[in-house]
Amino acid sequence: MAVFPGVFDPVTRGHLDIIRRGAALFDRLVVAVAENPDKRSLFPADERVAMMREAVADLDAVEVQAYEGLTVEFVGRCGAAVILRGLRQHSDFEYEYQLALTNRTISGIETVFVMADEKVAYVSSHLVREVARLGGDVSALVPPNAVQALKAKLGA
Ligand code: ADP
């Protein structure tokens with residue numbers, strides 16, 4: 001069993017690719033949506049959770065939960081020993097390296113990294129929000145329910 005934590009503001013096709021790969025590697029995968037109170041997100045946590053639940057509804061081994069506070073504490077409460085993270089390009093490495101070692105030092109929990117399919121490995125929630133804010137078409141970058149949610153949120 002593993003936990004895939006993130007902000008998912010909004011869920012992208014990159015996240016979904018990592019989730020599918022994680023679901024094939026682990027018997028159970030909890031997608032953990034960070035409440036993230038200090039960082040202002042476009043979608044509040046309950047909407048990010050609902051959007052993610054809909055996007056992974058076809059995957060039996062995957063469940064979605066919101067969490068607050070330390071990721072490793074949530075992982076421990078779930079009874080999992082592994083954090084799953086995705087790696088995109090080189091620029092992700094430095095931050096992920098620090099995060100994985102910090103988490104392991106404070107809790108003993110290991111992080112497993114998976115590479116997304118190269119067709120979606122460049123996708124980021126940040127750029128999706130920017131494109132959507134400016135009225136661009138994000139349907140190749142996020143699942144259909146996130147396209148609708150972005151339209152509703154941004155009034156586009
Ligand atoms: P965080 O803000 O915690 O990094 P994100 O929702 O941005 O949360 O990302 C969650 C995880 O998904 C991270 O491990 C990130 O590297 C990974 N990820 C995001 N987009 C992609 C992508 N297109 N391909 C591979 N991994 C990705």
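Atoms within each ligand, like the ligands themselves, are counted from 1 in listed order.
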- Message: Please verify the inter-ring angle class for Phe93 with His90; under 30° counts as parallel, over 60° as perpendicular, anything in between as tilted.
- Response: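 Rings of Phe93 and His90: parallel, under 30°.
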
- Query: Any donor and acceptor pair, going by atom type alone, linking the side chain of Arg13 with main-chain N or O of Val123 inside 3.5 Å?
  - Reply: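 No; zero donor-acceptor contacts below 3.5 Å.
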
- Work out which heavy atom in Ile19 is nearest to a heavy atom in Leu29; give both atom names and the distance.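 What the structure gives for the nearest pair is O-CD2, 3.6 Å.
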
- Message: What does the 4.0 Å heavy-atom contact list look like for ligand 1?
- Response: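 The 4.0 Å shell around ligand 1 contains Phe4, Pro5, Gly6, Val7, Phe8, Gly14, His15, Ile18, Arg85, Gly86, Leu87, Arg88, Asp92, Glu96, Ala116, Val120, Ala121, Val123.
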
- For the pair Arg40 and Asp9, find out whether any cationic side-chain nitrogen is under 4.0 Å from an anionic carboxylate oxygen.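 Looking at Asp9 together with Arg40, the answer is no, because their closest N to O distance does not fall below 4.0 Å.
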
- Item | Crowding at CD, Glu94 (>12 non-hydrogen neighbours, <6.0 Å) |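 No, CD of Glu94 has 12 or fewer neighbouring heavy atoms, counting only those of other groups under 6.0 Å.
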
- Task: Would you kindly say whether Glu63 and Gln65 are connected by a side-chain donor-acceptor distance under 3.5 Å?
- Result: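 Yes, Gln65 and Glu63 have a side-chain donor paired with an acceptor closer than 3.5 Å.
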
